[in-house]
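Worksheet for the structure shown next.
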Amino acid sequence: MPSLDEPLSARIARLFAYPVKSCAGVELHEALLTETGLDLDRSWMVVDAEGVFLTQREWPRMALVQPRIKSTEVVLRAPGMLALHLPTDQAAGRTRVRVWQDTVDAWDMGDVAAQWFSDFLGRSGLRLARFDPEVRRLSDLAWTQGVEAVNQFVDGYPLLVTSEASLAELNQRLAQAGHAAIGIERLRPNIVLSGIEAHDEDRFSEIRIASGDGQVRLQPVKPCARCPIPNIDPATAERSPEVLATLSRYRADPRLENKPTFGMNAIIHGGIGHRLRTGDGVEADWNFG
């Protein structure tokens with residue numbers, strides 16, 4: 001185990017963005033860091049006729065919507081559907097949408113996108129919204145210690161950081177209980193670190209990434225409480241309870257009403273406009289306060 005008096009060294013092993021909230025992610029070799037997190041992360045969101053967001057929690061088939069990021073568009077594919085092309089610089093009109101407790105201005109992506117999601121999910125009246133970059137949607141100031149960290153349609157924080165070792169421990173416990181291993185895709189991180197021990201990320205006070213453009217500084221601020229989404233197989237959209245049940249046996253956090261946690265939500269302290277790449281070196285300071 002490294003000395004607690006010295007920074008810990010790691011590397012970025014994997015990077016993920018999720019262009020449409022609660023749909024599948026895109027694994028990236030490099031990603032632009034914006035003030036709201038990785039570029040295009042949760043830029044779009046499916047809403048009902050009242051503008052309220054949909055997630056895999058109630059609509060597991062959303063896991064089967066596979067995005068692909070191109071230079072000027074995001075292309076969505078799903079079983080039995082023609083590809084849906086979403087231009088990154090166009091929208092059809094203004095709208096208002098709700099994500100958790102926040103109601104914000106947004107852009108509607110038009111009737112074709114609306115019908116595509118309505119047909120695939122089997123619910124009429126759905127719309128696809130694009131986040132309005134003029135909107136300032138903030139993370140919980142109680143957890144950010146007053147820092148105004150802006151988000152798009154994420155649940156609450158710009159970035160989610162975890163590690164290969166944390167996944168390996170979860171898979172070891174799943175195997176001991178007679179269950180199959182899972183991929184990191186079920187945990188929906190943005191940044192996956194290698195070279196650290198399981199759940200070291202829980203104890204970091206600052207993360208410094210040596211990107212090719214300069215230093216990026218992140219601050220982990222809140223453990224990520226887990227809802228039932230990790231129970232959904234992203235390849236089939238089928239539910240099974242073992243992932244959350246296993247996490248609950250060893251990752252219950254009393255600060256969060258004993259909900260199971262995995263990974264750390266992080267905010268950005270420096271390096272906006274830099275590009276993160278797999279293989280980038282990482283240093284982190286310990287926080288045992």
Practice task
For the pair Arg136 and Glu148, evaluate side-chain contact (heavy atoms from CB on, under 4.5 Å) and give the outcome as yes or no after the intermediate values.
Solution key: CA-CA 9 Å; Arg136 285 178 57 80; Glu148 293 190 352; 2.8 Å; yes
Exercise for the section: May I have the step-by-step check of side-chain hydrogen bond (donor to acceptor under 3.5 Å, both in side chains) for Arg98 and Thr103, ending in yes or no? Expected result: CA-CA 4 Å; Arg98 191 174 90 213; Thr103 299; 5.2 Å; no
Exercise for the section: Evaluate side-chain contact (heavy atoms from CB on, under 4.5 Å) for Val99 paired with Arg137, printing each intermediate quantity in order. Expected result: CA-CA 10 Å; Val99 50; Arg137 179 174 175 253; 3.5 Å; yes
Handout entry: Chi angles and distances behind the salt bridge (Lys or Arg N to Asp or Glu O under 4.0 Å) call for Asp48, Arg127
Key = CA-CA 6 Å; Asp48 65 17; Arg127 307 295 298 184; over 6 Å; no
Exercise for the section: Verify side-chain contact (heavy atoms from CB on, under 4.5 Å) between Lys222 and Leu256, making sure each step is shown before the conclusion. Expected result: CA-CA 10 Å; Lys222 183 183 180 183; Leu256 300 169; 3.6 Å; yes
Practice task
May I have the step-by-step check of side-chain contact (heavy atoms from CB on, under 4.5 Å) for His269 and Val147, ending in yes or no?
Solution key: CA-CA 9 Å; His269 278 329; Val147 175; 4.1 Å; yes
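Arg203 CZ to Ile196 CD1: the interatomic distance, rounded to the nearest 0.5 Å, is 9.0 Å. Interatomic distance, CG of Leu187 versus CG of Leu167, reported as 6.5 Å (0.5 Å rounding). In this structure, Asp200 CG and Leu8 CG are separated by 5.5 Å, a value rounded to the nearest 0.5 Å. Rounding to the nearest 0.5 Å places CD1 of Ile232 at 5.0 Å from CZ of Arg239. Annotation: the span from Lys259 atom NZ to Arg226 atom CZ amounts to 12.5 Å, rounded to 0.5 Å. Atoms CG and CZ, on Leu28 and Arg277 in that order, are 12.0 Å from each other to the nearest 0.5 Å.
The shortest heavy-atom contact between Ser205 and Asn287 is CB-CB, 3.4 Å. Across every non-hydrogen atom of Pro223 and Asp253, the tightest pair is CG-OD2, 3.6 Å. Closest heavy-atom contact between Pro260 and Ser248: CG-OG, 3.5 Å. Across every non-hydrogen atom of Gly273 and Leu32, the tightest pair is O-CD1, 3.4 Å. Taking all atoms of both residues into account, the shortest heavy-atom contact from Ala13 to Glu164 is CB-OE2, 3.5 Å. When all heavy atoms of Pro19 and Val26 are compared, the pair lying nearest together is CD-CG2, 4.0 Å.
Remark: the Asn151 side chain and the Ser139 side chain contain an N/O donor-acceptor pair separated by less than 3.5 Å.
Remark: Glu58 CD is packed, more than 12 non-hydrogen atoms of other residues, nucleotides or ligands lying under 6.0 Å away. A 6.0 Å sphere centred on CD of Gln176 holds more than 12 heavy atoms belonging to other residues, nucleotides or ligands. Atom CG of Asp140 has more than 12 neighbouring heavy atoms from other residues, nucleotides or ligands inside a 6.0 Å radius.
Leu174 and Tyr250 fall within the same hydrophobic cluster, defined by Ile, Leu, Val, Met, Phe, Trp and Tyr side-chain heavy atoms under 4.5 Å apart, directly or through other members. Linking ILVMFWY residues whenever their side-chain heavy atoms come closer than 4.5 Å, directly or via other members, leaves Ile207 and Trp143 in distinct clusters. Linking Ile, Leu, Val, Met, Phe, Trp and Tyr whenever their side-chain heavy atoms come within less than 4.5 Å leaves Leu33 and Ile267 in two separate clusters. Both Val20 and Leu38 are members of a single hydrophobic cluster when ILVMFWY side chains are connected at heavy-atom separations under 4.5 Å. Linking ILVMFWY side-chain heavy atoms closer than 4.5 Å, directly or via other members, places Leu54 and Met45 in two distinct hydrophobic clusters.
When each of Glu197, Glu169, Glu201 is checked for a side chain to side chain donor-acceptor pair (under 3.5 Å) with Ser163, only Glu201 meets the rule. Results of the side chain to side chain contact (heavy atoms under 4.5 Å, CB included) test with Leu128 over Leu86, Thr95, Val112 single out Leu86 as the only residue that passes. Just one of Phe53, Phe131, Trp44 meets the ring pair (Phe, Tyr, Trp, His ring centres under 6.0 Å) condition when paired with Phe153; it is Phe131. Among Val216, Val282, Leu218, Asp285, the one residue that satisfies the side chain to side chain contact (heavy atoms under 4.5 Å, CB included) test with Arg208 is Asp285.
Not one N or O on the side chain of Tyr18 forms a donor-acceptor pair closer than 3.5 Å with the backbone of Asn190. A distance-only check finds no donor-acceptor pair linking the side chain of Thr162 to the backbone of Val192 [under 3.5 Å]. Using modelled atom types, one side-chain atom of Asn171 and one backbone atom of Ile182 make a donor-acceptor pair closer than 3.5 Å. Judged by distance alone, with hydrogens and angles left aside, the side-chain atoms of Gln56 form a donor-acceptor pair with the main-chain N or O of Ser22 at under 3.5 Å. In this structure, Asp233 contributes its side chain and Glu238 its backbone to no donor-acceptor pair below 3.5 Å. Remark: the backbone N or O of Asp39 is not paired with any side-chain donor or acceptor of Thr34 at under 3.5 angstrom.
You'll find the side chain of Thr36 stays beyond 4.5 Å of the side chain of Val154, heavy atoms only. In this structure the side chain of Arg275 never reaches within 4.5 angstrom of the side chain of Ser211, judged on heavy atoms. The side-chain heavy atoms of Leu159 and Asn265, taken from C-beta on, include no pair separated by under 4.5 Å.
Salt bridge status for Arg130 with Asp108: absent, with no side-chain N to carboxylate O gap under 4.0 Å. Between Asp155 and Arg57, at least one side-chain nitrogen of the basic residue sits less than 4.0 Å from a carboxylate oxygen of the acidic one, meeting the salt-bridge criterion. Classification of Arg96 and Asp105 as a salt-bridged pair holds, one side-chain N sitting under 4.0 Å from a carboxylate O. A salt bridge links Arg251 with Asp202: the closest approach of a Lys/Arg side-chain nitrogen to an acidic carboxylate oxygen falls below 4.0 angstrom.
The cationic group of Arg61 lies under 6.0 Å from the six-membered ring centre of Phe120 and within 45° of the ring axis, placing it in a cation-pi geometry.
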Run the side-chain donor-acceptor check on residues 72-79: report pairs under 3.5 Å with partners two or more places apart or on a different chain.
{"residue": "Glu73", "atom": "OE1", "partner": "His85", "partner atom": "ND1", "Å": "3.2"}
{"residue": "Glu73", "atom": "OE2", "partner": "His85", "partner atom": "ND1", "Å": "3.1"}

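When ring centroids are compared, Phe204 and Trp286 come within the 6.0 Å threshold.
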